[in-house]
Amino acid sequence: MDKLKNKPLEEDLKYSDRCIITLKSYLEIILNYGIIYYGLSTRYAQNIFSSKEPLISPRLDNVFEGVYFSINTISILGYGDIQPNHFSSQFFSSLEVLSGVFLFIVSFATYLTLNFTPVSNLKTKKKIKSAKIDKQLLLLQISIIFFIIIREVIEISRWL
């Protein structure tokens, strides 16, 4: 927002930090929707929505199949081997596609802004950090995300 007001940028993000944030965002979207799809493919969700047919066919046996479907959905690939049959599953898959496209557009705009704006206009504060600490933080964040996902999978399996 500072750039819109012709003020120097007040953030400490480097180009590589922005790329890592984008990749983390895609990873979070894929994993979260994978868990949602797995939850929607259960008989419990079928009973909640009073549907005679599964909400997603064929039923997903585990979360990894949900993540597989999520990757196919967000990449707009769609092999057709897994299909949303109910309004709720179709709504979530449409929402995931829109989220993925929106995130791609924002990432592309950030890339263009950083690569085609003169360095003198991007007056960011310089912060000295060790690359080793950055990598450790990245690994910690990714491991926390996976821990949360595993915990949620266990909670979903308890509901069933």
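Positions are given from 1, in the same order as the sequence printed here. Quantities reported herein were computed from a predicted structural model and do not represent experimental measurements.
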Applying a strict under-4.5 Å side-chain criterion to I, L, V, M, F, W and Y, I'd like to know whether [X] and [Y] cluster together.
X	Y	result
Ile74	Leu27	yes
Tyr26	Val97	no
Val67	Tyr79	yes
Ile105	Ile76	yes
Leu98	Tyr37	no

About how many Å separate [atom2] of [Y] and [atom1] of [X], when rounded to the nearest 0.5 Å?
X	Y	atom1	atom2	value
Tyr38	Arg59	OH	CZ	11.0 Å
Ile35	Ser70	CD1	OG	10.0 Å
Gln46	Leu40	CD	CG	11.5 Å

Which atom names give the shortest non-hydrogen contact between [X] and [Y], and what distance separates them?
X	Y	result
Pro84	Phe69	CD-CZ, 3.9 Å
Leu103	Ser25	CD2-CB, 3.6 Å
Ser41	Ile56	CB-CB, 4.3 Å
Thr42	Gly39	OG1-O, 2.7 Å
Ser51	Glu53	OG-O, 2.7 Å
Ser88	Leu55	OG-CD1, 3.9 Å

Quick check: does any side chain N or O of [X] sit under 3.5 Å from a backbone N or O of [Y], one acting as donor and the other as acceptor?
X	Y	result
Ser99	Leu95	yes
Ser89	His86	yes
Asn62	Glu65	yes

Discussion item. Run the side chain to side chain contact (heavy atoms under 4.5 Å, CB included) test on Ile82 and Tyr68 for me, step by step, so that the C-alpha distance in whole Å, both residues' side-chain angles and the decisive distance to 0.1 Å come before the verdict.
Written reply: CA-CA 9 Å; Ile82 301 173; Tyr68 164 77; 3.9 Å; yes
Worksheet item: Does atom CZ of Phe104 have more than 12 heavy-atom neighbours from other groups under 6.0 Å away?
Response: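 Incorrect, the count does not exceed 12.
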Item to complete: With sequence neighbours excluded, tell me which residues meet side-chain hydrogen bond (donor to acceptor under 3.5 Å, both in side chains) with Tyr33.
Response: none
